[in-house]
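To find a chain, count down the sequence lines: A is the first, B the second, and so on, and within it residues start at 1.
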Protein chains: 2
Amino acid sequence: MKRKLTLKQIARELDVSISTVSKALRDSHEISEDTRQKIKAFAKLYNYKPNNIALSLKNRKSKTIGVIIPEIVHHFFTTVISGIEQVANEQGYHVIICMSNNSFDKEVINMELLANGSIDGFIISVAKETQQKKDYHHLTEVINQGMPLVMFDRVIEEINCDKVIIDDVIGAKKAVQRLIDLGCKNIAIISTVDYISVGKLRTQGYIQALNENNIAIDENLILKVEDFEKSEEEIKVFLADKDIDGLFAVNEHFAIYAIKAFTERGLKIPEDVSVIGFTNGELSKLSNPGLTTVSQHGAEMGAQAASLLIKKLESTQDHDDAFQTIIIETGLVERNSTKC
Amino acid sequence: MKRKLTLKQIARELDVSISTVSKALRDSHEISEDTRQKIKAFAKLYNYKPNNIALSLKNRKSKTIGVIIPEIVHHFFTTVISGIEQVANEQGYHVIICMSNNSFDKEVINMELLANGSIDGFIISVAKETQQKKDYHHLTEVINQGMPLVMFDRVIEEINCDKVIIDDVIGAKKAVQRLIDLGCKNIAIISTVDYISVGKLRTQGYIQALNENNIAIDENLILKVEDFEKSEEEIKVFLADKDIDGLFAVNEHFAIYAIKAFTERGLKIPEDVSVIGFTNGELSKLSNPGLTTVSQHGAEMGAQAASLLIKKLESTQDHDDAFQTIIIETGLVERNSTKC
DNA sequence: TTTCAACACGAAAACGTTGTAGTAGTAGTA
DNA sequence: TACTACTACTACAACGTTTTCGTGTTGAAA
């Protein structure tokens, strides 16, 4: 198998020194026009490309950002990645992605893999399991090594670093307020167990909205889904006997399962029940009826996260440890699952 | 910012040579039990981790596989990645992912980034734009450099390399045959323009199924979607005046747009029209009614691709250029969009 | 006493770069 | 002639590893 062309080979071939080749290719004025042209022509002909690994080793940086996401299924993460790539590429950085699949172990392994030289900094949304376990040693370790880290979406408060989040509370509140404005009297919520930060916060928003409108909280109308895998069944059972006219779900899946459950009971959306989900993804767009959702502006989040990270990477001040938390505004995309 | 601990620092600290440290950490018998323990304890205490970049440079391999996918939205790709990771991790390889976002340029840039040392081999599903442009220089270049490459799903016939595909023709044929067996008389297909290989092949399957059942091909029942972005509208218009009782769509999106269009016309699924999609993803599961689809066994594909690649990577024979094409069987997952 | 193996360690090269410092050779100046 | 200045290069160190090949010190056998 042919090895890649190196400076050394070019040097030998053209009977000059390695330094000369390197300099010629970087257009150094130290090298005569003649030699420069000759070397450049040769390099181009044989398609010379510098070895990134060697460069990384030499420069002690890779100009690469590592992104760790828990699951790729959510369209939301795709938009975040797009945002990250946009900004990163503009600034001459590359992006590589690893999936943790919501597994703590995988998150740790992937971070260790990348942290040992491959990348200059992390952008991460932590795995469910990590939030649950509350074991953050891999995160603190990376930070202690002096590698910048930016968290987005699923962040961990205890960790001191830059963060980009949406205001889950306000986002949820907006959604529930909309349901109230539409005249809904009995509004239920389908959320997640509390160790998932976003679930917890969105539930808070739900409660605040009700409180501010002097509507009593009915614990029976709050479902905290335990197991994502079995959520469809859980939701069906939960909704089976509920007499509600409004529903707020903390993600797309739950909202769609709910619509399914309602439809099967013969209820009409939005005539009988208005439903609002969270995360404006593919599913919401394609669902039937189209799902009204809180939109998270993923691209914006990704862009901000990348900006923060790169700023840290390029700052020469070693102890610029003023960490920021950027809050991205949410929107409300109205479709046909809410009456107008 | 603290630098990572290196062998050199350990050596200086413990007043031994770098070689000694390296050997001690790798449990060489050349080093006395005493020193070995001392060094290992120190390394553990200060959490020494070898620098991957240096290792890659030295070994001229990174034990990392690069995966390039066109879009992450499709649940299908997620399952493929899982399959790849499964096999790769078992064999001590890591996986990094880059998205081309279906852009030719991004595909090229990402490949060049990874090819220059970061990875040992590629697993790729090419971008739409690449298939359209028929510009494969980045692929051939990588191959010429001796870097193994495995294509999956969207493959390019002209390129000589290992491939993992499903039999799109047979998969489509199965689906259409099912519609015929269900008693459908007028079966339409929503496909893509022919430069997308899978679209072309699935259309062939459709035609074969009809032929084998002595049903005449009606060109009016064949839609080849040009622009993904505008597909919803295109499909709506196409279906507006069609009197059909069966529909086969070459992906989930098209199937769901079709169902939406039918529903808006007041037609019932599956009573009036049976619909089958391709790719058994999230959308099919969550759509209402659940969508009957051809399943592609993504994890299996990923696993096979990774196996093929690793086999090539570990084979010492330089000219083991017998390339394989593995065909993964498709299944049919029946849900409620087809009557039973 | 000499010779030799075993032991425990160190020096150095290599992977592919880049940048600094050094050095021939030439031309110009006093 | 002798000095300087410039041109056009080359040598070398460094990034962090691993590994091969020394090498000095023992202790034991001859």
inquiry  = Rounded to the nearest 0.5 Å, what separates atom OG in A/Ser197 from atom CD in A/Gln131?
reply    = 4.0 Å
request  = Specify the separation, in whole Å, of atom CD of A/Glu33 and atom P of D/dA8.
outcome  = 10 Å
inquiry  = Has B/Asn101 got a side-chain atom pairing as donor or acceptor with B/Ser103's backbone, closer than 3.5 angstrom?
reply    = no
ask   = Under 3.5 Å, is there a donor-acceptor pair between the A/His138 and A/Glu112 side chains?
value = no
query = Is it true that the side chains of A/Gln37 and A/Glu33 contain a donor and an acceptor less than 3.5 Å apart?
reply = yes
ask   = Does C/dG28 have a Watson-Crick or wobble mate here (both distances under 3.5 Å), and if so which one?
value = D/dC3
query = Counting any heavy atom closer than 4.0 Å, what does A/Leu7 reach on the DNA or RNA strands: base, sugar-phosphate only, or nothing?
reply = base
task = Rounded to the nearest angstrom, tell me the gap between atom CG in B/Asn52 and atom P in D/dC15.
result = 18 Å
query = Are A/Tyr48 and C/dT17 close enough that a side-chain N or O sits under 4.0 Å from OP1 or OP2?
reply = yes
message = So does A/Gly117 get a backbone contact from the side chain of B/Asn51, meaning a donor-acceptor N/O pair under 3.5 Å?
response = no
query = Taking the side chain of B/Leu55 as its heavy atoms from C-beta onward, which of D/dT17, C/dA11, C/dT18 lies nearest to it?
reply = D/dT17
key: First of B/Val16 and A/Arg26 reached from the 5' end of DNA chain C, by closest nucleotide   = B/Val16
request  = Return no unless some side-chain N or O of B/Ser19 is found under 4.0 Å from OP1 or OP2 of D/dT18.
outcome  = no
query = Across the strands shown, which category fits B/Ser32 at heavy-atom distances under 4.0 angstrom: base, sugar-phosphate, nothing?
reply = sugar-phosphate
query = Do any side-chain nitrogens or oxygens of B/Arg60 fall under 4.0 Å of OP1 or OP2 in C/dG16?
reply = yes
message = Counting only side-chain nitrogens and oxygens, does A/Thr20 get under 4.0 Å of the OP1 or OP2 atom of D/dA8?
response = no
ask   = Could you give the CD-to-P distance, from B/Glu30 to D/dT19, as a whole number of Å?
value = 11 Å
query = Closer to the 5' end of DNA chain C via nearest nucleotide, is it A/Thr6 or B/Ile18?
reply = B/Ile18
query = Across the strands shown, which category fits A/Thr35 at heavy-atom distances under 4.0 angstrom: base, sugar-phosphate, nothing?
reply = sugar-phosphate
Partner nucleotide, any strand, of D/dA29 [Watson-Crick/G-U, under 3.5 Å] = C/dT2
request  = Give a yes or no on whether the backbone of B/Ala127 and the side-chain of B/Glu107 come within a donor-acceptor separation of less than 3.5 Å.
outcome  = yes
query = Taking atom P of D/dT7 as reference, at what distance in whole Å does atom CD1 of A/Ile31 sit?
reply = 13 Å
request  = Mind calculating the distance between CG (A/Asn59) and C1' (C/dG16) to the nearest angstrom?
outcome  = 12 Å
message = I need the NZ-P distance between A/Lys61 and D/dG16, as an integer number of Å.
response = 15 Å
request  = Would you kindly give the NZ-to-C1' distance between A/Lys8 and D/dT10, to the nearest whole Å?
outcome  = 16 Å
request  = Please state whether the base of D/dT20 and the side chain of B/Lys23 form at least one donor-acceptor pair under 3.5 Å?
outcome  = yes
Nucleotide C/dT17, atom P - distance to CG of B/Leu57 in whole Å = 9 Å
